[in-house]
Amino acid sequence: MKPSIPRGTRDFGPAEMQKRQYIFNIIKTNFQLFGYAPIETPTMENITTLTGKYGEEGDQLIFKVLNSRIHESKDDKKELLKKEFITSLEKSYNSELLTEKALRYDLTVPFARYVVMNHHALTYPFKRYQIQPVWRADKPQKGRYREFYQCDADVIGSDSLVNELELIAMMDKSFAELKILVIVKFNNRKILSGIAEILNASDKIIDITVAIDKLDKIGKDGVIKELQSKEISAEAITKLEPLIDLSGTNDAKVSVLKTFLASSEIGKKGIEEIEFLLTNLSSINIKHINVELDITLARGLNYYTGTIFEAKADSGTFTPSILGGGRYDDLTGIFGLKGLSGVGISFGVDRIYDVMEELNLFPESVNKVSTTKILLVNFGEAELMYCVSLAAKLRAAGINAEVYPDVVKKVSKQFEYADKKQIPYVGVVGSNEMTNKTIMLKTMATGEQQELSVENLVNALK
RNA sequence: GUAGAUGUAGCUCAGUUGGUUAGAGCAUCGGUUUGUGGUACCGAGGGUCGAGGGUUCGAGCCCCUUCAUUUACCCCA
């Protein structure tokens, strides 16, 4: 049988893992620096926990898990199962008889569920970080995987926009350390609600935001066409035009919005929030990222209610969003705990990796196949055991050491092993070294070698 | 779902208007070299040409069907 893995999934070899861990470490360090504590949640959630939170499209992308042991069902239940299966073939339909579990789609909803279940034990505002894979039943493409890691940091139980500010500061620091030039776009769902209100099209808010969101790709005419196809009135489209044309500095955009949204309470609230962030950006001393107000930013997830974030690399040809996030005022409400507002961001490690790979942003130090410092080469059975005890001494001194575990006809094979694993030193042990209680230390890069006592060997490698 | 591209050795790919025994590089193994790798040279093994059907004296190449991979749309990290 020819081996394969499900599409949209990947194996990561040692070389890739070194680079991935480099990214994870930077993000994790920054999460902790800002006071977030780690949690993990199960791979599977009850499907009812997930459905209805990600929008219509999102719900379709949830990986469902077939209930186990359905073949052991009683006959009358089997009849019901057959009916349910046929129904699910004909329309989008969730049958808990068939699937009551699903793989997590993101980390935010499981987090909200966790908060509600552990409400009594948490200290608010509760700040948590979570680094785990998520699954989406998407068609894989460039930069789009069916299994990928998210690195989330969320604060729940605080309305303060200071949380948003600190999240921006954390993005700045993280992307600076990763050396990725990034443009962080932000917007506010309240602005979008305000716009829909002004246009008398509150029921069409999703259609409108999705259309505006495509401005980059399809241009102004394309957006207008899309709006028309969604049965937005001509009058509303005319009203909307100044916003489609919106450009210039963040401040210039705000002043246009102020006029446009003057008669919308929710819109004015959104502007207030945006102004708070803009005027206080200076106090967090951003050095690396570009922060830009973009009213075409919509984001598909249903649960966002306030600030929304998205970050993209600002150079290279591969520029999908590598971070997303926002404020959700009542995600816990669905699980029965009202009045807890949360805000968070999510780094997409897999795309960050792709971007860094394209732009060659990994430091030389992570481009190693192995962290072994010395390989002990043997010339026979007795020498091999001498190597084993020697390795123990090296490791006791904190030196990464490997023993070549076989006795092979050609010693060159052992050197080849060291060479392929890019191990910088080789310790050769033959009968001479054994009688002298020494080791021949060879520096692979230069080919130089010298005979050393065990103590001198440890010192030389330290 | 819709549209395009691609499936040939373990990997990356050549393969002419259809013509004898399907090739290369890398990788693997062996040798030049029984106390020394990365270089060089010599040699070896490895293929139901994605699958099924058709056209033809003859198909890796043309036609049909099907499967897989991949890119774009939609949506998203």
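Below, chain A is the first sequence line, B the second, and so on; all start at residue 1. Just so it is clear, the model here is predicted, and its values are computed rather than measured.
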Classify the side chain of [X] versus the base of [N] as yes if they form a donor-acceptor pair under 3.5 Å and no if they do not.
| X | N | result |
| --- | --- | --- |
| Asp419(A) | G37(B) | yes |
| Lys139(A) | U2(B) | yes |
| Lys442(A) | G37(B) | yes |

Over how many whole Å does the gap from [X] atom [atom1] to [N] atom [atom2] extend?
| X | N | atom1 | atom2 | value |
| --- | --- | --- | --- | --- |
| Glu451(A) | G35(B) | CD | C1' | 12 Å |
| Asp59(A) | C76(B) | CG | P | 12 Å |
| Tyr54(A) | C75(B) | OH | P | 19 Å |
| Lys413(A) | G38(B) | NZ | P | 13 Å |
| Leu107(A) | A77(B) | CG | P | 11 Å |
| Leu61(A) | A77(B) | CG | P | 11 Å |
| Tyr303(A) | C76(B) | OH | P | 11 Å |
| Arg146(A) | A68(B) | CZ | C1' | 13 Å |

Taking [X] for its side chain and [Y] for its backbone only, find out whether a donor-acceptor pair lies under 3.5 Å.
| X | Y | result |
| --- | --- | --- |
| Ser370(A) | Thr372(A) | yes |
| Asp59(A) | Gly52(A) | yes |
| Asn436(A) | Glu433(A) | no |

Does the side chain of [X] get closer than 4.0 angstrom to OP1 or OP2 of [N] through an N or O atom?
| X | N | result |
| --- | --- | --- |
| Lys420(A) | U28(B) | yes |
| Lys410(A) | G31(B) | yes |
| Gln141(A) | U71(B) | no |
| Arg7(A) | U69(B) | yes |

Look at all strands and tell whether [X] reaches a base, only sugar-phosphate, or nothing, counting heavy atoms closer than 4.0 Å.
| X | result |
| --- | --- |
| Tyr145(A) | base |
| Gly58(A) | nothing |
| Val411(A) | nothing |
| Asp106(A) | nothing |
| Glu433(A) | base |
| Pro140(A) | sugar-phosphate |
| Gln449(A) | base |

Using the [atom1] atoms only, state how far [M] lies from [N], rounded to an integer number of Å.
| N | M | atom1 | value |
| --- | --- | --- | --- |
| C62(B) | A5(B) | P | 13 Å |
| U39(B) | G35(B) | P | 23 Å |
| C61(B) | C76(B) | P | 44 Å |
| U55(B) | C73(B) | P | 42 Å |
| G50(B) | U56(B) | P | 23 Å |
| U6(B) | C13(B) | C1' | 12 Å |
| A9(B) | A22(B) | P | 14 Å |
| G15(B) | U8(B) | P | 14 Å |

Taking [X] first and then [Y], would you say they form a salt bridge - that is, a charged N and a carboxylate O separated by under 4.0 Å?
| X | Y | answer |
| --- | --- | --- |
| Glu147(A) | Arg136(A) | no |
| Lys253(A) | Asp294(A) | no |
| Arg10(A) | Glu16(A) | no |

Has Phe379(A) got its ring stacked on G35(B), by the test of a centre gap below 5.5 Å and a plane angle below 30°?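 No; by the centre-distance and plane-angle rule, Phe379(A) does not count as stacking on G35(B).
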Just to be sure I understand the geometry, which residues of residues 344-352 of chain A put a non-hydrogen atom under 4.0 Å away from RNA chain B?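 Per residue number, the list reads Gly348(A), Arg351(A).
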Do Tyr149(A) and Phe347(A) have ring centres separated by under 6.0 Å?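 No; Phe347(A) has its ring centre 6.0 Å or more from that of Tyr149(A).
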Does the separation of the ring centres of Tyr129(A) and Phe31(A) fall below 6.0 angstrom?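 For Tyr129(A) and Phe31(A), the ring centres are under 6.0 Å apart.
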Could you tell me if the side chain of [Y] sits less than 4.5 Å from the side chain of [X], heavy atoms only?
| X | Y | result |
| --- | --- | --- |
| Ile345(A) | Met170(A) | yes |
| Val349(A) | Ile27(A) | yes |
| Glu96(A) | Thr48(A) | yes |

Of the nucleotides U71(B), G35(B), A77(B), which one has an atom closest to the side chain of Gln150(A)?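 Nearest to the side-chain atoms of Gln150(A), counting from C-beta on, is A77(B).
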Return the nearest nucleotide to the side chain of Phe415(A); candidates are U28(B), C76(B), G37(B).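 Nucleotide nearest to Phe415(A)'s side chain: G37(B).
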Any donor-acceptor N or O pair under 3.5 Å, side chains Thr307(A), Glu164(A):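 Indeed, the side chains of Thr307(A) and Glu164(A) share at least one donor-acceptor pair under 3.5 Å.
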On RNA chain B, does the nearest nucleotide to Tyr105(A) precede the nearest nucleotide to Met440(A) from the 5' side, or the other way round? Give the residue.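 It is Met440(A) whose nearest nucleotide is closer to the 5' end.
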Can you tell me which stems involve RNA chain B, if a stem is defined as three or more consecutive Watson-Crick or G-U wobble pairs, both distances under 3.5 Å?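 In RNA chain B, stems of three or more pairs: B:1-7 with B:67-73, B:10-13 with B:23-26, B:28-32 with B:40-44, B:50-54 with B:62-66.
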